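Numbers restart at 1 for each chain; the letters A, B, ... are given by sequence-line order, proteins then strands. Quantities reported herein were computed from a predicted structural model and do not represent experimental measurements.
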Amino acid sequence: MAFTLATWNINSVRLRAGLVETLLTQEAPDVLCLQECKSPVDQIPLERFAALGYGHMVARGQKGYNGVAILSKLPLEDVGDRDFAGLGHSRHVAARLENGVVVHNFYVPAGGDEPNREKNEKFGQKLDYLSEMRDWFHEGRPEKAILVGDLNIAPREDDVWDHKKLLKIVSHTPVEVEALNAVMEAGAWVDVTRQDITEGKLYSWWSYRAKDWSAADKGRRLDHIWATPDISSSAYGSRILRDARGWEKPSDHAPVFATFDV
DNA sequence: ATGGTTGGCGTCCAA
């Protein structure tokens, strides 16, 4: 059975419920993983999504910050969440599809502005979060699993608009890239997006602060779709819906897609 | 070197 999955940092699911409806209507992924819902779970407008065929949801939320949700046309089993780095934030949730595939939805801490854990506690929390992800996947090697989300790191030189200019900018520093690569190695995760789109600049996020985000095109690939080796070769059709960044009152992130024939 | 924008909450914090 082939199914298409998308991941999108929505930056408030209540404010942008209309954009979620647009995406579900126009692109019709089977599963949509959202981050930064900024809403308690019981205030997510599930009825509006259910009316479009997305009646299944597994989510974790808190008031005002963070929050992750998995919306699906297909039945989901809630398989729990982890509070990496003990932050008490809603940044992870996992669900199992009926074909046995487990989907992990992550919102990794952004890490503040200063890439120095002595001066900036948030940067330390980001690195700790990634270390605990690494340790968890090392303890129990995942199988038939997909990991998606806003990982807040652009690992490759062609994942940012200017590699040299961003080496000291949080999201592209060598220590973060190493930490993310350690997570990948621990779980033997395959970067599905880059398996499909092997070359060239590729971005999923553009700052709100740019005057003309599209013309300036100073993007970063912060949003990822990974899979374990047993299913990664079944993936195809990866793409980033850049158009969504230009929709009315957009999120600063664009949705990332992949299809799996498991 | 700096400031630029957005959302949620509440008179500022996180991104």
Can you check the distance between [N] and [M], where both ends of the measurement are the [atom1] atom (answer in whole Å)?
N: dA15(B); M: dC9(B); atom1: P; value: 15 Å
N: dT11(B); M: dG7(B); atom1: C1'; value: 16 Å
N: dA14(B); M: dG10(B); atom1: C1'; value: 15 Å
N: dG4(B); M: dG8(B); atom1: P; value: 22 Å

Quiz item: With nearest nucleotides of DNA chain B determined for R91(A) and P40(A) from heavy-atom distances, which residue corresponds to the more 5′ nucleotide?
Solution: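 The answer here is P40(A).
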Exercise. Could you say whether D113(A) or L15(A) is positioned toward the 5' end of DNA chain B, judged by the nucleotide with the nearest heavy atom to each?
Key: L15(A)
[X] [atom1] to [N] [atom2], straight-line distance once rounded to whole Å:
X: N11(A); N: dC13(B); atom1: CG; atom2: C1'; result: 14 Å
X: D252(A); N: dT6(B); atom1: CG; atom2: C1'; result: 8 Å
X: N120(A); N: dC13(B); atom1: CG; atom2: C1'; result: 14 Å
X: H89(A); N: dG8(B); atom1: NE2; atom2: C1'; result: 15 Å
X: Q62(A); N: dC9(B); atom1: CD; atom2: P; result: 11 Å
X: L151(A); N: dA15(B); atom1: CG; atom2: P; result: 15 Å
X: Q35(A); N: dG7(B); atom1: CD; atom2: P; result: 17 Å
X: Q125(A); N: dA14(B); atom1: CD; atom2: C1'; result: 12 Å

Quiz item: Between D162(A) and K201(A), is the closest basic N to carboxylate O distance under 4.0 Å?
Solution: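 Not counted as a salt bridge, because no side-chain N and carboxylate O are separated by less than 4.0 Å.
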Exercise. Return the set of residues passing ring-ring contact (aromatic ring centres under 6.0 Å, His included) with Y129(A) (not counting sequence neighbours), or none when no residue passes.
Key: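 Testing Y129(A) for ring-ring contact (aromatic ring centres under 6.0 Å, His included), a comparison that skips the adjacent residues, returns F84(A).
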Exercise. Determine whether the side chains of K38(A) and N11(A) contain a donor N or O and an acceptor N or O closer than 3.5 Å.
Key: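 Note: K38(A) and N11(A) side chains meet the donor-acceptor criterion.
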Self-check item: Atom pair OG/CG of S238(A) and L202(A) - distance to nearest 0.5 Å
Solution: 9.0 Å
Quiz item: For D81(A), what residues pass the side chain to side chain donor-acceptor pair (under 3.5 Å) criterion, not counting sequence neighbours?
Solution: R60(A)
Exercise. Identify whether any heavy atom of K122(A) sits under 4.0 Å from a base atom; if not, whether one sits that close to sugar-phosphate; answer base, sugar-phosphate or nothing.
Key: sugar-phosphate
Practice problem: Tell me whether the OP1 or OP2 atom of dG7(B) has a side-chain N or O from R16(A) closer than 4.0 Å. | Solution: yes
Quiz item: With respect to the phosphate group of dG7(B), does any side-chain polar atom (N or O) of K249(A) fall under 4.0 Å of OP1 or OP2?
Solution: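 True: K249(A) side-chain N/O within range (under 4.0 Å) of dG7(B) OP1/OP2.
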Identify all side-chain donor-acceptor contacts of residues 177-188 of chain A below 3.5 Å with residues at least two apart in sequence or on another chain.
unit_1: N181(A); atom_1: ND2; unit_2: V177(A); atom_2: O; d: 3.3

Exercise. Could you list the residues that satisfy salt bridge (Lys or Arg N to Asp or Glu O under 4.0 Å) with D243(A), not counting sequence neighbours?
Key: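 Per chain and number, D243(A) pairs via salt bridge (Lys or Arg N to Asp or Glu O under 4.0 Å) with no residue.
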Quiz item: Of the nucleotides dC9(B), dG7(B), dA15(B), which one has an atom closest to the side chain of Y107(A)?
Solution: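 For the Y107(A) side chain, the nearest candidate turns out to be dA15(B).
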Quiz item: Does anything in residues 13-30 of chain A pair up under salt bridge (charged side-chain N to carboxylate O under 4.0 Å, His left out), and if so which pairs, sequence neighbours excluded?
Solution: E21(A)-R48(A), E27(A)-R239(A)
Return the polar atom pairs (N/O with N/O) between nucleotides 1-5 of chain B and the protein under 3.5 Å, or none.
unit_1: dG4(B); atom_1: O6; unit_2: R209(A); atom_2: NH1; d: 3.4
unit_1: dG4(B); atom_1: N1; unit_2: R209(A); atom_2: NH1; d: 3.1
unit_1: dT5(B); atom_1: O4'; unit_2: Y208(A); atom_2: O; d: 3.3
unit_1: dT5(B); atom_1: N3; unit_2: R209(A); atom_2: NE; d: 3.4

